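Convention: sequence-line order gives letters A, B, ...; per-chain numbering from 1. A quick note: this is a predicted structure, and the numbers were derived from the prediction, not measured.
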Protein chains: 2
Amino acid sequence: MQVLGEHIDHPSADTIYEEVRKFLPRISLGTVYRNLEIMSESGSILKLETGGSIKRFDPNTHSHPHFRCVKCGSIEDLPFGIDSSMFAGTDEDWIKGRKVQSLHVEYTGLCADCNGNTKS
Amino acid sequence: MQVLGEHIDHPSADTIYEEVRKFLPRISLGTVYRNLEIMSESGSILKLETGGSIKRFDPNTHSHPHFRCVKCGSIEDLPFGIDSSMFAGTDEDWIKGRKVQSLHVEYTGLCADCNGNTKS
DNA sequence: AAGCTAATAATAATAATTATCATTAAATAT
DNA sequence: ATATTTAATGATAATTATTATTATTAGCTT
Ligand SMILES: [Mn+2]
Ligand SMILES: [Mn+2]
Ligand SMILES: [Zn+2]
Ligand SMILES: [Zn+2]
(Lines give C-alpha, C1' and ligand atoms only; values in the text may rest on other atoms or scores of the structure.)
(Ligands and ions follow the chains in the order given, each with its own letter.)
Protein backbone atom coordinates (compact mmCIF):
# COMPACT_ATOMS: atom_id res chain seq x y z
CA MET A 1 0.00 0.00 0.00
CA GLN A 2 2.85 2.39 0.80
CA VAL A 3 4.50 1.80 -2.53
CA LEU A 4 1.26 1.92 -4.47
CA GLY A 5 0.08 5.08 -2.76
CA GLU A 6 3.08 6.98 -4.01
CA HIS A 7 2.39 5.99 -7.59
CA ILE A 8 0.06 8.00 -9.77
CA ASP A 9 1.05 6.05 -12.87
CA HIS A 10 -0.91 2.82 -12.36
CA PRO A 11 1.99 0.42 -11.94
CA SER A 12 1.94 -3.23 -12.92
CA ALA A 13 2.51 -6.08 -10.50
CA ASP A 14 6.05 -6.37 -11.73
CA THR A 15 6.81 -2.67 -11.21
CA ILE A 16 5.38 -2.85 -7.71
CA TYR A 17 7.49 -5.94 -7.08
CA GLU A 18 10.65 -4.06 -8.02
CA GLU A 19 9.70 -1.16 -5.75
CA VAL A 20 8.79 -3.28 -2.77
CA ARG A 21 12.01 -5.21 -3.17
CA LYS A 22 13.93 -2.12 -2.06
CA PHE A 23 12.23 -2.42 1.35
CA LEU A 24 11.83 -6.18 1.49
CA PRO A 25 14.56 -7.73 -0.62
CA ARG A 26 13.43 -11.29 0.04
CA ILE A 27 9.80 -10.88 -1.07
CA SER A 28 8.63 -13.01 -3.98
CA LEU A 29 6.62 -11.97 -7.00
CA GLY A 30 3.92 -14.45 -6.04
CA THR A 31 3.41 -12.68 -2.74
CA VAL A 32 3.01 -9.37 -4.51
CA TYR A 33 0.39 -10.83 -6.82
CA ARG A 34 -1.39 -12.54 -3.95
CA ASN A 35 -1.59 -9.42 -1.80
CA LEU A 36 -2.59 -7.15 -4.65
CA GLU A 37 -5.40 -9.60 -5.36
CA ILE A 38 -6.49 -9.56 -1.73
CA MET A 39 -6.41 -5.77 -1.62
CA SER A 40 -8.40 -5.42 -4.80
CA GLU A 41 -10.98 -7.90 -3.58
CA SER A 42 -11.36 -6.09 -0.28
CA GLY A 43 -11.82 -2.88 -2.22
CA SER A 44 -8.85 -0.94 -0.94
CA ILE A 45 -7.29 -0.70 -4.39
CA LEU A 46 -8.49 -1.14 -7.96
CA LYS A 47 -7.25 -3.79 -10.33
CA LEU A 48 -7.48 -2.18 -13.75
CA GLU A 49 -8.19 -4.58 -16.56
CA THR A 50 -7.35 -2.16 -19.30
CA GLY A 51 -6.52 -2.84 -22.87
CA GLY A 52 -2.96 -3.90 -23.44
CA SER A 53 -2.83 -7.32 -21.81
CA ILE A 54 -1.20 -6.39 -18.51
CA LYS A 55 -3.07 -5.60 -15.32
CA ARG A 56 -2.35 -2.41 -13.46
CA PHE A 57 -3.16 -1.27 -9.98
CA ASP A 58 -4.66 1.99 -8.83
CA PRO A 59 -4.82 3.38 -5.27
CA ASN A 60 -7.70 5.63 -6.35
CA THR A 61 -10.74 3.44 -5.80
CA HIS A 62 -13.26 5.88 -7.20
CA SER A 63 -14.61 5.19 -10.67
CA HIS A 64 -12.66 7.45 -12.96
CA PRO A 65 -11.68 7.44 -16.62
CA HIS A 66 -8.26 6.65 -18.01
CA PHE A 67 -6.23 7.48 -21.05
CA ARG A 68 -3.99 4.79 -22.45
CA CYS A 69 -1.14 5.66 -24.78
CA VAL A 70 -0.93 3.11 -27.56
CA LYS A 71 2.73 3.96 -28.13
CA CYS A 72 4.37 3.97 -24.71
CA GLY A 73 1.64 2.11 -22.81
CA SER A 74 1.26 4.70 -20.08
CA ILE A 75 -2.07 5.03 -18.28
CA GLU A 76 -3.10 8.49 -17.13
CA ASP A 77 -6.05 9.65 -15.08
CA LEU A 78 -8.44 12.02 -16.79
CA PRO A 79 -9.65 14.96 -14.71
CA PHE A 80 -13.35 14.34 -14.67
CA GLY A 81 -15.71 11.89 -13.07
CA ILE A 82 -17.99 9.34 -14.62
CA ASP A 83 -21.25 7.84 -13.56
CA SER A 84 -23.84 5.65 -15.11
CA SER A 85 -26.32 8.47 -15.56
CA MET A 86 -24.22 9.76 -18.42
CA PHE A 87 -25.59 6.96 -20.51
CA ALA A 88 -29.02 6.14 -21.79
CA GLY A 89 -30.63 9.02 -19.93
CA THR A 90 -32.36 8.25 -16.67
CA ASP A 91 -34.36 5.30 -17.96
CA GLU A 92 -31.89 2.55 -17.50
CA ASP A 93 -34.07 -0.12 -19.00
CA TRP A 94 -31.04 -1.57 -20.74
CA ILE A 95 -30.08 -3.07 -17.42
CA LYS A 96 -32.83 -5.65 -17.80
CA GLY A 97 -31.96 -8.64 -15.65
CA ARG A 98 -28.34 -7.64 -15.27
CA LYS A 99 -26.52 -6.69 -12.12
CA VAL A 100 -24.18 -3.81 -12.86
CA GLN A 101 -21.08 -3.71 -10.72
CA SER A 102 -18.66 -1.27 -12.29
CA LEU A 103 -17.97 0.97 -15.23
CA HIS A 104 -14.68 1.63 -16.90
CA VAL A 105 -14.11 4.38 -19.44
CA GLU A 106 -10.90 4.25 -21.39
CA TYR A 107 -9.69 6.59 -24.04
CA THR A 108 -6.76 5.53 -26.19
CA GLY A 109 -4.39 7.46 -28.39
CA LEU A 110 -1.07 9.21 -28.01
CA CYS A 111 -0.10 10.80 -24.75
CA ALA A 112 1.24 14.35 -24.75
CA ASP A 113 4.83 13.17 -24.77
CA CYS A 114 4.44 10.64 -27.56
CA ASN A 115 2.29 12.98 -29.62
CA GLY A 116 4.92 15.69 -29.48
CA ASN A 117 7.77 13.35 -30.20
CA THR A 118 6.18 11.63 -33.16
CA LYS A 119 5.66 14.87 -35.09
CA SER A 120 8.82 14.15 -37.06
CA MET B 1 -15.26 -11.96 -42.30
CA GLN B 2 -18.09 -14.38 -43.13
CA VAL B 3 -17.71 -16.20 -39.86
CA LEU B 4 -17.28 -13.04 -37.82
CA GLY B 5 -20.25 -11.31 -39.42
CA GLU B 6 -22.57 -14.03 -38.19
CA HIS B 7 -21.43 -13.62 -34.63
CA ILE B 8 -23.00 -11.07 -32.33
CA ASP B 9 -21.18 -12.43 -29.30
CA HIS B 10 -17.68 -10.99 -29.83
CA PRO B 11 -15.79 -14.23 -30.39
CA SER B 12 -12.16 -14.81 -29.50
CA ALA B 13 -9.49 -15.76 -32.01
CA ASP B 14 -9.77 -19.34 -30.88
CA THR B 15 -13.54 -19.45 -31.34
CA ILE B 16 -13.19 -17.97 -34.80
CA TYR B 17 -10.50 -20.54 -35.56
CA GLU B 18 -12.84 -23.38 -34.66
CA GLU B 19 -15.58 -21.92 -36.83
CA VAL B 20 -13.38 -21.27 -39.84
CA ARG B 21 -11.99 -24.77 -39.57
CA LYS B 22 -15.36 -26.13 -40.67
CA PHE B 23 -14.84 -24.41 -44.03
CA LEU B 24 -11.05 -24.60 -44.25
CA PRO B 25 -9.95 -27.61 -42.24
CA ARG B 26 -6.25 -27.06 -42.92
CA ILE B 27 -6.08 -23.44 -41.72
CA SER B 28 -3.74 -22.71 -38.84
CA LEU B 29 -4.38 -20.65 -35.74
CA GLY B 30 -1.53 -18.36 -36.67
CA THR B 31 -3.22 -17.46 -39.93
CA VAL B 32 -6.41 -16.61 -38.08
CA TYR B 33 -4.53 -14.32 -35.72
CA ARG B 34 -2.62 -12.74 -38.57
CA ASN B 35 -5.66 -11.99 -40.65
CA LEU B 36 -7.70 -10.74 -37.73
CA GLU B 37 -4.85 -8.36 -36.99
CA ILE B 38 -4.75 -7.17 -40.60
CA MET B 39 -8.51 -6.65 -40.64
CA SER B 40 -8.49 -4.71 -37.39
CA GLU B 41 -5.65 -2.52 -38.59
CA SER B 42 -7.41 -1.75 -41.83
CA GLY B 43 -10.49 -0.84 -39.80
CA SER B 44 -12.90 -3.44 -41.13
CA ILE B 45 -13.32 -5.04 -37.72
CA LEU B 46 -12.64 -4.04 -34.13
CA LYS B 47 -10.17 -5.77 -31.86
CA LEU B 48 -11.64 -5.39 -28.39
CA GLU B 49 -9.08 -5.18 -25.64
CA THR B 50 -11.55 -5.71 -22.86
CA GLY B 51 -10.93 -6.75 -19.34
CA GLY B 52 -10.41 -10.44 -18.91
CA SER B 53 -7.12 -11.04 -20.66
CA ILE B 54 -8.40 -12.41 -23.96
CA LYS B 55 -8.97 -10.34 -27.05
CA ARG B 56 -12.26 -10.47 -28.84
CA PHE B 57 -13.34 -9.36 -32.26
CA ASP B 58 -16.32 -7.31 -33.29
CA PRO B 59 -17.72 -6.82 -36.79
CA ASN B 60 -19.44 -3.66 -35.58
CA THR B 61 -16.80 -1.00 -36.10
CA HIS B 62 -18.77 1.84 -34.57
CA SER B 63 -17.82 2.95 -31.08
CA HIS B 64 -20.31 1.33 -28.78
CA PRO B 65 -20.39 0.26 -25.14
CA HIS B 66 -20.13 -3.29 -23.87
CA PHE B 67 -21.21 -5.24 -20.86
CA ARG B 68 -18.89 -7.93 -19.60
CA CYS B 69 -20.17 -10.66 -17.31
CA VAL B 70 -17.62 -11.38 -14.62
CA LYS B 71 -19.04 -14.85 -14.13
CA CYS B 72 -19.41 -16.38 -17.57
CA GLY B 73 -17.17 -13.93 -19.44
CA SER B 74 -19.72 -13.05 -22.10
CA ILE B 75 -19.55 -9.67 -23.80
CA GLU B 76 -22.81 -8.05 -24.82
CA ASP B 77 -23.53 -4.89 -26.77
CA LEU B 78 -25.44 -2.20 -24.94
CA PRO B 79 -28.19 -0.49 -26.91
CA PHE B 80 -26.98 3.09 -26.89
CA GLY B 81 -24.20 5.07 -28.47
CA ILE B 82 -21.30 6.85 -26.90
CA ASP B 83 -19.33 9.88 -27.84
CA SER B 84 -16.74 12.01 -26.18
CA SER B 85 -19.16 14.84 -25.48
CA MET B 86 -20.72 12.72 -22.77
CA PHE B 87 -17.63 13.42 -20.76
CA ALA B 88 -16.07 16.64 -19.63
CA GLY B 89 -18.69 18.77 -21.33
CA THR B 90 -17.82 20.55 -24.52
CA ASP B 91 -14.62 22.17 -23.32
CA GLU B 92 -12.25 19.33 -23.92
CA ASP B 93 -9.24 21.04 -22.48
CA TRP B 94 -8.24 17.78 -20.83
CA ILE B 95 -6.99 16.68 -24.22
CA LYS B 96 -3.99 18.98 -23.86
CA GLY B 97 -1.23 17.68 -26.12
CA ARG B 98 -2.81 14.27 -26.55
CA LYS B 99 -4.12 12.73 -29.71
CA VAL B 100 -7.33 10.88 -28.94
CA GLN B 101 -8.01 7.89 -31.15
CA SER B 102 -10.76 5.86 -29.57
CA LEU B 103 -13.01 5.44 -26.58
CA HIS B 104 -14.15 2.25 -24.97
CA VAL B 105 -16.87 2.05 -22.37
CA GLU B 106 -17.23 -1.19 -20.50
CA TYR B 107 -19.69 -2.07 -17.81
CA THR B 108 -19.07 -5.18 -15.77
CA GLY B 109 -21.33 -7.26 -13.59
CA LEU B 110 -23.60 -10.25 -13.99
CA CYS B 111 -25.40 -10.85 -17.25
CA ALA B 112 -29.12 -11.58 -17.18
CA ASP B 113 -28.53 -15.32 -17.28
CA CYS B 114 -25.93 -15.44 -14.54
CA ASN B 115 -27.84 -12.99 -12.37
CA GLY B 116 -30.96 -15.11 -12.54
CA ASN B 117 -29.12 -18.35 -12.00
CA THR B 118 -27.14 -17.18 -9.00
CA LYS B 119 -30.22 -16.22 -7.03
CA SER B 120 -30.04 -19.55 -5.23
C1' DA C 1 8.72 -25.30 24.36
C1' DA C 2 5.46 -27.96 21.45
C1' DG C 3 1.90 -27.78 18.29
C1' DC C 4 -1.26 -25.48 15.21
C1' DT C 5 -2.27 -22.10 11.57
C1' DA C 6 -1.52 -18.90 8.07
C1' DA C 7 1.74 -16.58 4.99
C1' DT C 8 5.62 -16.91 2.13
C1' DA C 9 9.46 -18.16 -1.37
C1' DA C 10 10.68 -20.80 -4.93
C1' DT C 11 9.31 -22.99 -8.63
C1' DA C 12 6.33 -25.15 -12.03
C1' DA C 13 2.32 -24.83 -14.85
C1' DT C 14 -0.94 -22.40 -17.74
C1' DA C 15 -2.75 -19.91 -21.55
C1' DA C 16 -3.07 -16.36 -24.96
C1' DT C 17 -0.50 -14.33 -28.22
C1' DT C 18 3.48 -13.51 -31.13
C1' DA C 19 7.64 -14.87 -33.73
C1' DT C 20 10.11 -17.90 -36.72
C1' DC C 21 10.90 -20.34 -40.77
C1' DA C 22 10.50 -23.92 -44.12
C1' DT C 23 6.93 -24.89 -47.42
C1' DT C 24 3.28 -23.79 -50.51
C1' DA C 25 0.60 -20.95 -53.36
C1' DA C 26 0.06 -16.93 -56.14
C1' DA C 27 1.71 -13.49 -59.20
C1' DT C 28 4.77 -11.85 -62.61
C1' DA C 29 8.23 -12.14 -66.04
C1' DT C 30 10.51 -14.63 -69.69
C1' DA D 1 3.88 -22.50 -70.98
C1' DT D 2 7.71 -22.37 -67.96
C1' DA D 3 10.78 -20.13 -64.92
C1' DT D 4 11.34 -16.77 -61.36
C1' DT D 5 10.02 -13.69 -57.87
C1' DT D 6 6.90 -12.55 -54.20
C1' DA D 7 3.64 -13.21 -50.72
C1' DA D 8 0.86 -16.19 -47.64
C1' DT D 9 0.49 -20.16 -44.94
C1' DG D 10 1.14 -24.16 -41.55
C1' DA D 11 3.70 -25.98 -38.14
C1' DT D 12 6.02 -25.11 -34.34
C1' DA D 13 8.75 -22.61 -30.96
C1' DA D 14 9.16 -18.64 -27.99
C1' DT D 15 7.34 -15.15 -25.11
C1' DT D 16 4.94 -13.13 -21.29
C1' DA D 17 1.79 -12.29 -17.69
C1' DT D 18 -0.48 -14.67 -14.44
C1' DT D 19 -1.88 -18.55 -11.50
C1' DA D 20 -1.07 -22.92 -9.07
C1' DT D 21 1.68 -25.86 -6.19
C1' DT D 22 4.24 -27.13 -2.30
C1' DA D 23 7.77 -27.30 1.01
C1' DT D 24 9.36 -24.02 4.31
C1' DT D 25 9.01 -20.25 7.50
C1' DA D 26 7.01 -17.20 10.73
C1' DG D 27 3.51 -15.96 13.96
C1' DC D 28 0.22 -17.44 17.63
C1' DT D 29 -1.94 -20.47 21.19
C1' DT D 30 -1.75 -23.44 24.72
MN1 LIG E 1 -6.50 5.89 -12.14
MN1 LIG F 1 -19.82 -4.98 -29.81
ZN1 LIG G 1 2.96 7.75 -24.71
ZN1 LIG H 1 -22.88 -14.35 -17.41
Open item on the list: So if I define the base as every atom that isn't primed, P, OP1 or OP2, how would nucleotides 9-16 of chain D read as a B/S/- string at a heavy-atom cutoff under 4.0 Å?
Closed with: BBS-----
Task: Below 4.0 Å: OP1/OP2 of D:dT18 and any side-chain N or O of A:Tyr33 - done: yes
- [ ] Enumerate the residue pairs fulfilling salt bridge (Lys or Arg N to Asp or Glu O under 4.0 Å) with a member in residues 1-11 of chain B, sequence neighbours excluded, ordered by first and then second residue.
- [x] none
Open item on the list: Between B:His64 and B:Asp58, is there a side-chain donor-acceptor contact under 3.5 Å, judged purely by atom types and distance?
Closed with: yes
Open item on the list: Taking the ring centre of each residue, are A:His104 and B:His104 less than 6.0 Å apart?
Closed with: no
What side-chain donor-acceptor pairs closer than 3.5 Å can you find for residues 16-23 of chain A, not counting sequence neighbours?
residue	atom	partner	partner atom	Å
A:Tyr17	OH	A:Arg21	NH1	3.4

TODO: State the NZ-CD distance between A:Lys47 and A:Glu41, to the nearest 0.5 angstrom.
DONE: 7.0 Å
TODO: Report the distance from atom CD1 of A:Ile38 to atom P of C:dT8, rounded to the nearest whole Å.
DONE: 7 Å
Open item on the list: Please tell me if B:Lys55 has a side-chain N or O lying less than 4.0 Å from either OP1 or OP2 of C:dT18.
Closed with: yes
Open item on the list: In whole Å, I'd like the distance from the CG atom of A:Asp14 to the P atom of D:dT18.
Closed with: 9 Å
TODO: Using whole Å, report how far OH of A:Tyr17 lies from P of D:dT19.
DONE: 17 Å
Task: A:Leu48 CG to D:dT18 P, straight-line distance once rounded to whole Å - done: 12 Å
- [ ] Round to a whole Å and report the spacing from CG of A:Leu36 to P of C:dA7.
- [x] 16 Å
Open item on the list: Please find the pair of heavy atoms, one from A:Thr61 and one from A:Ser44, that lie closest to each other, and give the distance.
Closed with: CG2-O, 3.4 Å
